[in-house]
Asks: 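If you scroll down you'll find the structure; I have some questions about it.
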Amino acid sequence: MNKYNKIQSIMEDMINFFAEFAAILQSKIEAINQNDVTKLEDIMKQEQAFSMKVRGLEKSREAAMAQAGLNAQQFKDIVNSPQSENEEELAKVYFLLKEKLDEYTNLSEVVKAQVELRLHSIKMILERLENNTANAIYDKSGADAAKQADGFKPTKV
């Protein structure tokens with residue numbers, strides 16, 4: 001067993017981690033689109049657990065790198081190193097990890113954009129309620145019909 005086997009094993013664990021996390025983010029996107037707050041809360045709890053898991057993976061990575069005498073290096077540095085044994089296999093695992101990380105990053109950006117859009121919509125609704133325009137009556141062109149009726153405002157008797 002050479003010094004790169006443990007590092008490769010950790011890279012494979014990270015691939016599985018980011019694949020699982022990407023699935024959770026996909027569920028989060030669906031929950032946001034469905035306005036399912038309960039499901040969203042459950043997903044956020046899962047995300048918290050995953051954030052703890054990623055910390056553990058990072059500590060394992062650091063320990064394996066230190067054990068291999070590669071303290072300050074990153075995975076890409078090891079893959080590009082001419083002295084690495086199993087160089088071809090390490091490269092495959094590294095690029096798969098990079099692909100999963102990119103997928104996770106893209107999904108994370110989609111989630112962020114959707115949350116920002118929902119928050120903007122909520123802000124606009126609140127502003128309309130504050131300005132008392134939520135119950136306004138509009139004609140087909142979108143103009144305020146109550147203002148166009150020469151001051152006449154419909155009321156219930």
Side-chain angles (χ1 to χ4, degrees), residues 1-138 142 144:
M1 184 170 176
N2 65 40
K3 65 182 179 179
Y4 295 102
N5 287 348
K6 180 67 176 169
I7 294 169
Q8 182 175 337
S9 174
I10 291 170
M11 290 170 81
E12 290 167 351
D13 289 345
M14 292 179 97
I15 288 168
N16 294 331
F17 169 81
F18 283 112
E20 289 176 38
F21 209 169
I24 288 174
L25 287 179
Q26 193 64 46
S27 297
K28 189 174 187 179
I29 291 169
E30 292 168 12
I32 291 169
N33 288 336
Q34 297 168 353
N35 292 323
D36 189 343
V37 176
T38 305
K39 185 177 178 182
L40 195 57
E41 287 176 355
D42 292 340
I43 291 169
M44 290 173 68
K45 289 176 187 174
Q46 289 177 340
E47 284 181 316
Q48 289 174 346
F50 266 77
S51 69
M52 297 299 287
K53 188 175 180 180
V54 79
R55 287 186 190 129
L57 284 171
E58 183 59 24
K59 286 185 179 186
S60 296
R61 182 194 70 80
E62 289 172 357
M65 299 289 265
Q67 186 179 15
L70 307 166
N71 293 340
Q73 293 187 2
Q74 298 178 352
F75 286 146
K76 68 178 178 181
D77 298 330
I78 296 168
V79 170
N80 295 329
S81 169
Q83 76 232 16
S84 65
E85 303 154 15
N86 306 352
E87 183 177 344
E88 198 173 301
E89 193 173 332
L90 269 175
K92 286 179 186 176
V93 173
Y94 169 75
F95 288 114
L96 184 57
L97 174 60
K98 187 173 178 341
E99 182 181 302
K100 291 298 178 187
L101 184 58
D102 289 344
E103 178 185 355
Y104 162 78
T105 302
N106 291 336
L107 284 171
S108 183
E109 289 173 4
V110 169
V111 166
K112 181 182 174 190
Q114 286 189 337
V115 168
E116 287 175 353
L117 180 64
R118 297 290 182 191
L119 288 174
H120 178 72
S121 298
I122 291 169
K123 181 180 175 185
M124 296 303 293
I125 290 169
L126 289 174
E127 284 178 4
R128 278 191 260 149
L129 287 172
E130 287 176 358
N131 295 332
N132 203 17
T133 60
N135 295 325
I137 300 172
Y138 298 97
D144 190 346

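Being a predicted model, the structure only gives us computed values, none of them experimental. Hydrogens, waters and symmetry mates are skipped; everything else that's a heavy atom, side chains included, is used. Positions are given from 1 along the sequence.
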Asks: Starting at CG of Leu57, measure out to CG of Asp13 and round the result to the nearest 0.5 Å.
Replies: 6.0 Å
Asks: Contact between Glu116 and Lys112 at the side-chain level, heavy atoms closer than 4.5 Å - yes or no?
Replies: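 Contact flag for Glu116/Lys112 side chains = yes.
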Asks: Please name the pair of heavy atoms, one in Phe21 and one in Glu47, separated by the smallest distance, quoted to 0.1 Å.
Replies: CE2-CG, 3.7 Å
Asks: With rounding to the nearest 0.5 Å, note down the distance linking NZ in Lys123 to CD in Glu130.
Replies: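 Between atom NZ of Lys123 and atom CD of Glu130 there are 10.5 Å.
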Asks: Are any of the side-chain nitrogens in Arg61 or Glu58 under 4.0 Å away from the carboxylate oxygens of its partner?
Replies: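 Yes.
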Asks: Which distance, rounded to the nearest 0.5 Å, do you find between the CG of Leu117 and the CD of Gln114?
Replies: 7.5 Å
Asks: To the nearest 0.5 Å, what is the distance between CG on Asp102 and CG on Leu97?
Replies: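 If I round to the nearest 0.5 Å, the distance is 9.5 Å.
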Asks: About how many Å separate CE of Met124 and OG of Ser121, when rounded to the nearest 0.5 Å?
Replies: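 One gets 8.5 Å once the value is rounded to the nearest 0.5 Å.
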Asks: Apply side-chain contact (heavy atoms from CB on, under 4.5 Å) to the pair Ile10 and Lys6, showing each step before the final yes or no.
Replies: CA-CA 6 Å; Ile10 291 170; Lys6 180 67 176 169; 4.1 Å; yes
Asks: Within the supplied structure, the quantity of interest is the number of heavy atoms (other residues, nucleotides, ligands) at a distance under 6.0 Å from Glu30 CD; does it exceed 12?
Replies: yes
Asks: Considering non-hydrogen atoms only, spot the tightest contact between Ala22 and Leu107 and give its length.
Replies: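 The pair with the smallest heavy-atom distance is O-CD1, 3.4 Å.
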Asks: Assess the residue pair Gln46 and Lys28 against the criterion (side-chain contact (heavy atoms from CB on, under 4.5 Å)); give the C-alpha distance rounded to whole Å, side-chain angles, the decisive distance to 0.1 Å, and a yes or no.
Replies: CA-CA 10 Å; Gln46 289 177 340; Lys28 189 174 187 179; over 6 Å; no
Asks: With side-chain contact (heavy atoms from CB on, under 4.5 Å) as the criterion, how do Asp36 and Leu40 come out once you've worked through the C-alpha distance, each side chain's angles and the decisive distance to 0.1 Å?
Replies: CA-CA 6 Å; Asp36 189 343; Leu40 195 57; over 6 Å; no
Asks: Between OG of Ser51 and CZ of Arg55, what distance do you get to the nearest 0.5 Å?
Replies: 5.0 Å
Asks: Please name the pair of heavy atoms, one in Ile43 and one in Ala31, separated by the smallest distance, quoted to 0.1 Å.
Replies: CD1-CB, 4.1 Å
Asks: Looking at Phe95, does the NZ or CZ of Lys98 lie under 6.0 angstrom from its six-membered ring centre and within 45 degrees of the ring axis?
Replies: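 Judged by the rule (NZ or CZ under 6.0 Å from the ring centre, within 45° of its axis), Lys98 is not positioned above Phe95.
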Asks: Sequence neighbours excluded, which residues qualify as side-chain contact (heavy atoms from CB on, under 4.5 Å) partners of Asn35?
Replies: Arg118
Asks: Salt bridge or not between Lys100 and Glu103? Use side-chain N to carboxylate O under 4.0 Å.
Replies: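 Looking at Glu103 together with Lys100, the answer is yes, because their closest N to O distance falls below 4.0 Å.
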Asks: Should Leu101 and Met14 be marked as a side-chain contact (heavy atoms from CB on, under 4.5 Å) after you check the CA-CA gap, both sets of side-chain angles, and the distance that decides it?
Replies: CA-CA 9 Å; Leu101 184 58; Met14 292 179 97; over 6 Å; no
Asks: With side chains defined as the heavy atoms from C-beta onward, is the minimum distance between Phe50 and Glu20 less than 4.5 Å?
Replies: yes
Asks: Less than 4.5 Å apart, side chain to side chain, heavy atoms only: is that true for Val110 and Asn106?
Replies: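 Counting from C-beta outward, Val110 and Asn106 never come under 4.5 Å.
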Asks: Indicate the atoms forming the closest heavy-atom contact of Val111 with Leu25, along with that distance.
Replies: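 Taking Val111 first and Leu25 second, the nearest heavy atoms are CG2-O, 3.9 Å.
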